[in-house]
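Everything numeric here is computed off the predicted structure, so don't read it as measured data. FYI, side chains are in, hydrogens and waters are out, and symmetry mates aren't considered; it's all heavy atoms of this structure. All chains are named by letter (A, B, ...) in the order of the sequence lines, taking the proteins before the strands, and each is independently numbered beginning at 1.
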Number of protein chains: 2
Amino acid sequence: MADQHELREKGLRLTPQRELVLNAVRELGHATPEDIAAKVRETHPGINLSTVYRNLETLENVGLVQHTHLGHGGATYHAAEELTHLHLVCGDCGSVGDAPIDVAANFVQNLADDYGFRTDVTHFAIYGTCAACVK
Amino acid sequence: MADQHELREKGLRLTPQRELVLNAVRELGHATPEDIAAKVRETHPGINLSTVYRNLETLENVGLVQHTHLGHGGATYHAAEELTHLHLVCGDCGSVGDAPIDVAANFVQNLADDYGFRTDVTHFAIYGTCAACVK
DNA sequence: AAGTACTCGCAAACTATTTGCAATTAGTCT
DNA sequence: AGACTAATTGCAAATAGTTTGCGAGTACTT
């Protein structure tokens, strides 16, 4: 298992709980820690919420998952492989749409040229009003 | 006082506390509710933190202030008049830089054209690595 | 098979924010 | 100026989300 390799390199283990958390993140796409815990509990009811938090942190350090801020408060997690889109959060209806990173290419380039800032557009959501709510 | 007018229109009052909160937001630029409470307490020690929260909410409804998400968890508040720049948050050193909205004009236009999404670029921070930390 | 250090579950601690309620007060009316 | 009414305040307690200390358990190394 490839995941095991990423972990062992840093002296970490691939425990059943850790694997379950990772799989849940991969299945769910966008998910809060609570969502992930709920998913894992479907098959493994005993898992503790703090274990989910700790494993998300660990998996993020190793580079297997990443988190994004979609709204007020909670972060949501993604598998690192799937982080190829940015998030359009609608302030009116709360929906979360996706858009390919390309639409921001120009913007990212501007920031790099003018400010030397290397942007990660996927980390924070793009906030505004979706097409449905604009009308 | 112009502020009073905005408030009374909706049946709201301009109390000393509310005025202090608004002035603090204007002076501080970027500030968390805690920062604002601390500022207000310099001249008015008795003010309660929940009053600050309630007034920020009220002032936001009226349109005198707005909030932005700069980091994990906490929101930061700005006077509405000053919301003419976006925030570049560095994930390494935590610094917050500013950039004029213009650099995002192109990006915003893309989202409008392709997705009908009306973007508010100032609401969430732009996350990445600042020039100093890149090197 | 045994040892070591990483992990787990649990409960309690924390941080940030919100709410209920009784007392107070800004703005309106007379 | 004085009275009235609904908005607002302070306080304390509640809530939500996340983190931490600790003893028991266990994955991986040799």
Side-chain angles (χ1 to χ4, degrees), chain A residues 1-25 30-41 43-62 64-65 67-77 94, chain B residues 1-22 24-25 30-38 40-41 43-62 64-65 67-77 94:
Chain A
M1 189 156 293
D3 304 331
Q4 195 167 17
H5 184 251
E6 324 268 308
L7 288 163
R8 288 226 205 102
E9 275 183 352
K10 312 208 177 178
L12 303 172
R13 299 177 188 167
L14 183 63
T15 60
Q17 293 91 332
R18 196 163 279 168
E19 196 171 6
L20 286 163
V21 168
L22 181 52
N23 287 337
V25 171
H30 305 142
T32 64
E34 290 283 350
D35 294 336
I36 293 164
K39 181 76 184 173
V40 172
R41 284 183 178 133
T43 60
H44 217 250
I47 200 166
N48 195 281
L49 187 53
S50 65
T51 299
V52 173
Y53 275 101
R54 280 190 281 224
N55 281 333
L56 286 170
E57 192 185 333
T58 302
L59 292 170
E60 184 156 33
N61 286 337
V62 175
L64 289 170
V65 306
H67 76 271
T68 306
H69 297 274
L70 293 187
H72 298 196
T76 66
Y77 287 80
Chain B
M1 188 157 294
D3 304 329
Q4 195 165 21
H5 185 252
E6 324 267 311
L7 288 164
R8 288 227 204 98
E9 275 183 352
K10 312 207 176 180
L12 303 173
R13 297 175 187 167
L14 185 63
T15 62
Q17 293 90 331
R18 193 162 281 170
E19 196 169 6
L20 287 163
V21 168
L22 181 53
V25 171
H30 306 142
T32 63
E34 290 284 350
D35 294 336
I36 293 163
V40 171
R41 283 183 179 135
T43 60
H44 219 250
I47 200 166
N48 195 281
L49 188 53
S50 65
T51 299
V52 173
Y53 275 100
R54 280 189 283 224
N55 280 334
L56 287 171
E57 191 186 334
T58 302
L59 292 170
E60 183 156 34
N61 287 337
V62 175
L64 290 170
V65 306
H67 75 272
T68 306
H69 297 274
L70 293 188
H72 298 196
T76 67
Y77 286 80

d([atom1], [X]; [atom2], [N]) in whole Å:
X: A:His44; N: C:dT7; atom1: NE2; atom2: C1'; answer: 13 Å
X: A:Asn55; N: C:dG9; atom1: CG; atom2: C1'; answer: 12 Å
X: B:His67; N: C:dA16; atom1: NE2; atom2: P; answer: 16 Å
X: B:Glu34; N: C:dA16; atom1: CD; atom2: C1'; answer: 8 Å
X: B:Arg18; N: D:dG10; atom1: CZ; atom2: C1'; answer: 15 Å
X: A:Ile36; N: D:dT18; atom1: CD1; atom2: C1'; answer: 14 Å
X: B:Gln17; N: C:dA26; atom1: CD; atom2: C1'; answer: 11 Å
X: A:Leu14; N: D:dC28; atom1: CG; atom2: C1'; answer: 11 Å

Anything under 3.5 Å between a protein N or O and an N or O of nucleotides 1-5 of chain C, put it in a table, one pair a line.
{"from": "C:dA5", "atom 1": "N3", "to": "A:Arg13", "atom 2": "NH2", "distance (Å)": "2.6"}

Roughly how far, to the nearest 0.5 Å, is [atom2] of [Y] from [atom1] of [X]?
X: B:Tyr77; Y: B:Leu59; atom1: OH; atom2: CG; answer: 10.0 Å
X: A:His30; Y: A:His67; atom1: NE2; atom2: NE2; answer: 14.0 Å
X: B:Leu64; Y: B:Leu22; atom1: CG; atom2: CG; answer: 5.5 Å
X: A:Thr15; Y: A:Asn55; atom1: OG1; atom2: CG; answer: 5.5 Å

(Q) Donor-acceptor pair, distance only, cut-off 3.5 Å: does the side chain of A:Thr58 make one with the backbone of A:Arg54? (A)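 Between the backbone of A:Arg54 and the side chain of A:Thr58 there is a qualifying donor-acceptor contact (under 3.5 Å).
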
Q. Counting only N and O atoms by type, is there a donor-acceptor contact under 3.5 Å from the side chain of A:Glu19 to the main-chain atoms of A:Leu14?
A.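 Not at all, since once roles are kept as given, no pair shorter than 3.5 Å links the two residues.
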
Could I get a table of every N or O pair under 3.5 Å where one atom is in the protein and the other is in nucleotides 12-15 of chain C?
none

**Q.** Over all atoms of both residues, closest heavy-atom pair of A:Arg13 and A:Leu7
**A.** O-CD1, 3.7 Å

Q: Mind listing the closest non-hydrogen atom pair of A:Val40 and A:Ala24 along with its distance?
A: CG2-CB, 3.9 Å

Q) What do the steps show when you test A:Leu56 against A:Arg18 for side chain to side chain contact (heavy atoms under 4.5 Å, CB included), and what is the final call? A) CA-CA 8 Å; A:Leu56 286 170; A:Arg18 196 163 279 168; over 6 Å; no

Restricting both atoms to N or O, compile the protein contacts to nucleotides 19-24 of chain D shorter than 3.5 Å, with distance only.
{"from": "D:dG21", "atom 1": "O6", "to": "A:Arg54", "atom 2": "NH1", "distance (Å)": "3.3"}

Q. Does OP1 or OP2 of D:dA27 have a side-chain N or O of A:Gln4 closer than 4.0 Å?
A. no

Q: Would you mind telling me which residue lines up with the more 5' stretch of DNA chain C, A:Thr15 or B:Thr15, judged by nearest nucleotide?
A: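 By nearest-heavy-atom nucleotide position, the 5'-most residue is A:Thr15.
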
Q | A:Thr32 vs B:Thr58, nearer the 5' end of DNA chain D by closest nucleotide | A | B:Thr58

Q: Given side chain to side chain contact (heavy atoms under 4.5 Å, CB included), test B:Ile36 with B:Thr32 step by step and report yes or no.
A: CA-CA 6 Å; B:Ile36 293 163; B:Thr32 63; over 6 Å; no

Q.
Can you confirm whether the side chains of B:His44 and B:Gln17 place a donor and an acceptor under 3.5 Å from each other?
A. no

